[in-house]
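Inspection log for the structure reproduced underneath, given as structure tokens.
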Amino acid sequence: MDAPSGRVAEVGGRVCVNFCSNDYLGLANDAQVVAAFRDAANQWGVGSGASHLVCGHQRPHQALEEALAEHTGRARALLFSTGYMANLGAITALVGKGDAVFQDRLNHASLLDAGLLSGARSRRFAHNDAAALAAQLARAEAPRKLVVSDGVFSMDGDQAPLAAYLDACEASDAWLMVDDAHGLGVLDHQGRGTAYAHQVNGRLPVYMGTLGKALGTAGAFVAGSEDLIETLIQFARTYIYTTAMPAAVAAASLVSLRKARAEHWRREHLSALIARFRRGAAELGYGLMDSDTPIQPLLIGDDAAALALSQSLAQQGILVTAIRPPTVPDGQARLRVTLSAAHEEADVDRLLGALEGAGR
Ligand SMILES: *Cc1c(COP(=O)(O)O)cnc(C)c1O
């Protein structure tokens, strides 16, 4: 890639419209976010110098944690250097040998890996099936039970039934953790994510969000109660034993968080593009998935057919990579089309035109 993240990508000298980035709000190369990053690098340098608990936690990290706690309606938030590390750290801190962790079978790889690493008994339930989860919880005898789900599923774009999960968890004395990598910034009228959009924010004990997708920077956080965050500070090994993210990343994230919250036009424009794409793709007879988020996969099935369609689009100046197993289940290869507030209506029309040109 020879250009910054944005509506247009340059691949090996070839310019194309980019429909496969997670920069949903178009903030990754936003002038104010870039300026905040540059100014903070001038003030704070590049490396943080140490882990948070030694001497790497600088004022911009603290300010970002406070802003994230406020944005997500929690007492506290704790920064991690990546979402993968936030999930590993949080789950291994909360459950261990003798406990049980319950995961949607389509959960992100980092959640599944975290469950295995924790040593707790891992169980998987059918995708978005609250009744299946409730039945598993009712049978479980583990002293501590943690249910984990993506808020918005990264390869499907659909949303977890959070209210039904919370009913099941509350009835069985289990905790729910939601990984909202694809919901934060996008869902809810202020971009506060899936828990607000489903009106269950006050009931959800563990909220995890990432900064590298809609917020356009890098890093992640877990938000929750005072006790949760103190526990993670003491026990989350991926928080304790790693260098803190650069302060300039935190400073840039603070600006992008404010913009994501205040600039409603980004979400409104994105919604209009999503509707336009779904209408057009349905008219062309493509198999759309049950998604009203910026993740709009076209389910193809066969790996080679998905690759061929991706290549045909590339020849027409459109970048959408084919997603194949093991990232998705066997026989469910797809083109994971993602839309961004950086796109224009004409870009969506061009994508639809290319899909028509590629045929079924
Ligand atoms: C991208 C993603 C992660 C990992 O976040 P990084 O900050 O990229 O490490 C975790 N969970 C989900 C659902 C994701 O899509």
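Note that these values count all heavy atoms, side chains included, but never hydrogens, waters or copies made by symmetry. Whatever order the structure lists ligands and atoms in, that order sets their numbers, starting from 1.
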Output block, N or O contacts of ligand 1, threshold 3.5 Å exclusive:
from     : atom 1 : to     : atom 2 : distance (Å)
ligand 1 : 7 (O)  : Gly83  : N      : 2.7
ligand 1 : 9 (O)  : Gly83  : N      : 3.0
ligand 1 : 9 (O)  : Tyr84  : N      : 3.0
ligand 1 : 11 (N) : His108 : ND1    : 3.4
ligand 1 : 11 (N) : Asp179 : OD1    : 3.4
ligand 1 : 11 (N) : Asp179 : OD2    : 2.5
ligand 1 : 15 (O) : His182 : NE2    : 2.5
ligand 1 : 15 (O) : Lys213 : NZ     : 2.7

Item to check | Expected output: side-chain Ser172 to main-chain Ala174 donor-acceptor under 3.5 Å | outcome: no
Next on the checklist: Suppose the criterion is side chain to side chain donor-acceptor pair (under 3.5 Å): which pairs have a residue in residues 138-149, not counting sequence neighbours?
Outcome noted: Asp99-Arg144
For residues 300-310, dump all side-chain donor-acceptor pairs below 3.5 Å to protein atoms at least two apart in sequence or in another chain.
from   : atom 1 : to     : atom 2 : distance (Å)
Asp302 : OD2    : Ala304 : N      : 3.4
Asp302 : OD2    : Ala305 : N      : 3.0
Ser310 : OG     : Val320 : O      : 2.8

Checklist entry - How many angstroms lie between CG in Leu351 and CD in Gln316, if you round to the nearest 0.5 Å? => result 10.0 Å
Checklist entry - Heavy-atom distance under 4.5 Å between the side chains of Leu319 and Phe19, does that happen here? => result no
Item to check | Any residue meeting salt bridge (charged side-chain N to carboxylate O under 4.0 Å, His left out) with Asp23, in chain and number order, not counting sequence neighbours | outcome: none
